[in-house]
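A short write-up of the structure that comes next.
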Amino acid sequence: MRRLIFFGGAGFLLLFALSFAKPASAASSTMYTWTPSKLYKTASGAAYFRNVNSGIAVTVYSKSGKRYKVKAGGRTGYIYADNLTRSKVKKEDYFGSKIYKQAAGGPYVASVPAGKMMYIKMEATKNGMYLAHVIGTGYSGYVDKTHFIKPVVKYTWMPSKLYTSATGNSYKKTIKDGQKVSVFNGSHGRYQVKAGSSSGYIYANNLAGTLAKKTVYVSSKLYTTSSHTKYTAVIRPNKQVYVKESTQNMSHVCVVGTAQSGWIYTSHFTKPAPAAGGTTSTPKATAGTSQTGSSTAGGTTAGTATGSTSGSASGITGSAAATSGTTATTTTGNTGSGSASATTATGKTGSSSASGTTATSNTGSGSASGMTATSNTGSGSASGTTATSNTGSGSASATTATGKTGSSSASGTTTTGNTGSGSTSGTTTAGSTGSATASATTAKGLDVSHYQTLTQSSFNLMKRQGYSFVILKATEGTGYTDSKFYTYYKYARNAGLSVHAYHMIGNSTTDPAQHIAEAKHFYQVLAQTKASTGYAFTGYAFEDIEPTGTNSITTTWWANAAPACAGYFLNEMQALGQAKVGIYAGYFNWNSYLEGHTDTWPGNTKIWLARYNTTLGTNADVWQYTETGTIDGITGHFDLDISYDPDF
């Protein structure tokens, strides 16, 4: 009887528990309100208990029509299914966005500033738009999903239009160079950006990840590409530029405060060292000018003049023989005892006489006579039209003589200066950017192509202004001939200039056949010069080895193949009959890859180097020292050259 009572009690408890068990169909899950929602009393009615904020977790039991039965904060009710999301996703709007009614755009309900936080219904994403709610507001709708990606900071390295769309031509304003912008995404070559309070699209090429502001110390051409074959403008010294990027030896820049952009040589950012010695003038031996000390070299000529004037000259310490000249007009005083009179002579130390109308004083023993004389240290004499100082013992006679170190003499038409105490004089001085100077044995020249617009008068002006040679672009690759080669060749020869030609390398393949084919093309064009101009080609034929936009020259090619490829070209030119050959290269590439690796080249190969600097810094036959030279009376800028070879 007790067992039955016990079983009966246990069965009652079990039945009681089962009556309150959750039915299988009422299994729950957790979802979140991504937007503020009403907690309705029924599945279809309008009455509701209260509002549920966005971002609240609710327990979901079942769906009835468009609403879910949920439990929110201890109260059970109904919330629209569209207002719930499976994951709680909270994101920051970095851009500042319009809240659109539809994912396709069109009308929008609000525009909110950057920095607002939003809840996102990820499963409703479409057309690149998130379904989102702006926390703390009543705004919900579609927002560009890229606005939630943290932007990348970039800079306008040049003035840039802020376009209203990724493809159209309409723009809001122009953003100045050097401005920071926030970049969100790219489309059709433009970035969607935020610049201050303005937003829009800027061309990707107008933006740089980092921005460097530098000073250009040398007059520089703005080339259209890093291959530096064509330029659009020239930057004057001390201008500032923004630098977008740099290659091996070129930098992509924009002149600050302008829309001028292009490529310049990176070396032009290096401030040139002061030129040694400078450029001064040699004082002429005019009436009553006493000179003492030694003159210095480093320009056209230099010398010092001090002391008082006198019509008589006293002897100088030391001893030397008097030297007579042919022309004299003045007498200069000397320190010590002695006299100067008669036709031409210079005073001496001890017992000596000086006859002549021109005499210059000297420190130590020595003499100088002629139209121009500068001081001499030590013993020696100078006579003729022009004489410059000599250190040590020596003499200088003839038209031009320049200083030497130690014991030496100079005679003839031209003698060049050497290191030591002395001065350099002559009839040819080539002015250039960077204060490059030429001594009496050098010749001035330039190189041109169809990029310069020239006439016969242009070449005549070159000749009258002391230029003696020109190097013309003739060919490139295996099929291109410069459109102005024959015309300019005829003009230059008519003007009495020495004319040479160059070929631009067209392909950096290591196949010998390519370089041999290029040489044949170059030779054939030169061979037609007589028929086309009336003048045979008698100059040097250079191969121009430098990167262009088409020849694919790389650092690897320079290091592994350049010397050999040049050898194929040069040897083929000589085999065809062009005995005078040469190579053009930049100083860096010559110094790094070519110099010391020329054993396969013809022994008489001339070296033509480009270095836009105050000095060349190595040995060469021709130095291209500037690309922004000017010639009086001719419009434009020119590559100017100095030749150290008498063949030019």
Side-chain angles (χ1 to χ4, degrees), residues 414 416 418 438-439 441-443 445 447 468-478 497-527 529 536-546 551 553 557-611 615-625 641-648:
T414 303
T416 58
N418 294 282
S439 64
T441 52
T442 60
D447 51 280
S468 62
F469 72 92
V470 63
I471 309 175
L472 305 175
K473 180 174 181 178
T475 54
E476 183 171 346
T478 56
L497 295 168
S498 172
V499 189
H500 312 275
Y502 72 90
H503 166 89
M504 178 72 72
I505 184 173
N507 195 302
S508 60
T509 178
T510 57
D511 183 2
Q514 170 68 28
H515 303 283
I516 290 172
E518 290 193 24
K520 288 180 177 178
H521 172 54
F522 188 24
Y523 179 80
Q524 288 165 2
V525 169
L526 298 183
T529 305
F537 183 79
T538 57
Y540 277 89
F542 290 89
E543 183 182 29
D544 182 343
I545 306 180
E546 60 180 306
N551 63 20
I553 285 181
W557 182 85
W558 276 114
N560 298 330
C565 291
Y568 301 144
F569 182 94
L570 297 171
N571 288 314
E572 179 64 19
M573 289 293 291
Q574 287 204 338
L576 292 168
Q578 176 60 40
K580 297 180 177 180
V581 295
I583 284 291
Y584 169 93
Y587 170 81
F588 174 85
N589 292 321
W590 168 259
N591 191 52
S592 301
Y593 307 111
L594 298 177
E595 187 175 21
H597 303 282
T598 61
D599 51 307
T600 62
W601 300 2
N604 64 339
T605 301
K606 299 296 183 185
I607 307 302
W608 175 22
L609 299 183
R611 191 182 193 191
T615 59
L616 176 56
T618 189
N619 294 322
D621 298 290
V622 183
W623 171 23
Q624 185 187 89
Y625 61 88
D641 305 276
I642 293 173
S643 170
Y644 304 97
D645 192 299
D647 282 353
F648 286 78

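Atoms considered below: every heavy atom in the structure, side chains included; atoms not considered: hydrogens, waters and symmetry mates. Bear in mind that the values here come from a model prediction, so they are computed numbers and not experimental data. Along the sequence shown, residues are numbered consecutively beginning with 1.
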task = Determine the minimum heavy-atom distance between Asn507 and Glu518, stating which atoms define it.
result = N-OE2, 3.2 Å
inquiry  = Restricting to non-hydrogen atoms, name the atom on Asn604 and the atom on Ala579 that form the minimum distance, rounded to 0.1 Å.
reply    = ND2-O, 3.2 Å
task = May I ask you to check whether over 12 heavy atoms, not counting those of Lys580, lie within 6.0 Å of atom NZ?
result = yes
Min side-chain heavy-atom separation Tyr593-Phe588 under 4.5 Å = yes
ask   = Excluding sequence neighbours, so at least two apart, what forms ring-ring contact (aromatic ring centres under 6.0 Å, His included) with His503?
value = Phe522, Phe569
key: Identified side-chain contact (heavy atoms from CB on, under 4.5 Å) partner of Val499 from the options Thr538, Thr529, Leu472   = Leu472
query = Is the gap between the ring centers of Phe469 and Phe648 under 6.0 Å?
reply = yes
inquiry  = Which residues pass the side chain to side chain contact (heavy atoms under 4.5 Å, CB included) test with Asn571, not counting sequence neighbours?
reply    = Pro602
note = Test ring pair (Phe, Tyr, Trp, His ring centres under 6.0 Å), reference Trp608, set Tyr644, Phe542, Tyr587, Trp623, output is Phe542
remark   = Looking only at heavy atoms, the pair that brings Ala541 and Gln578 closest together is CB-CG, 3.8 Å
ask   = Are any side-chain N or O atoms of Tyr523 and backbone N or O atoms of Leu576, one a donor and one an acceptor, separated by less than 3.5 Å?
value = yes
key: Heavy-atom closest pair, residues Cys565 and His515   = SG-NE2, 3.3 Å
query = By side chain to side chain donor-acceptor pair (under 3.5 Å), which residues pair with Ser498, not counting sequence neighbours?
reply = His500
key: Shortest non-hydrogen contact between Ile545 and Ile505, atoms and distance   = CA-CG2, 3.9 Å
task = Taking all non-hydrogen atoms of both residues into account, name the closest pair between Met573 and Ala519 and its distance.
result = SD-O, 3.2 Å
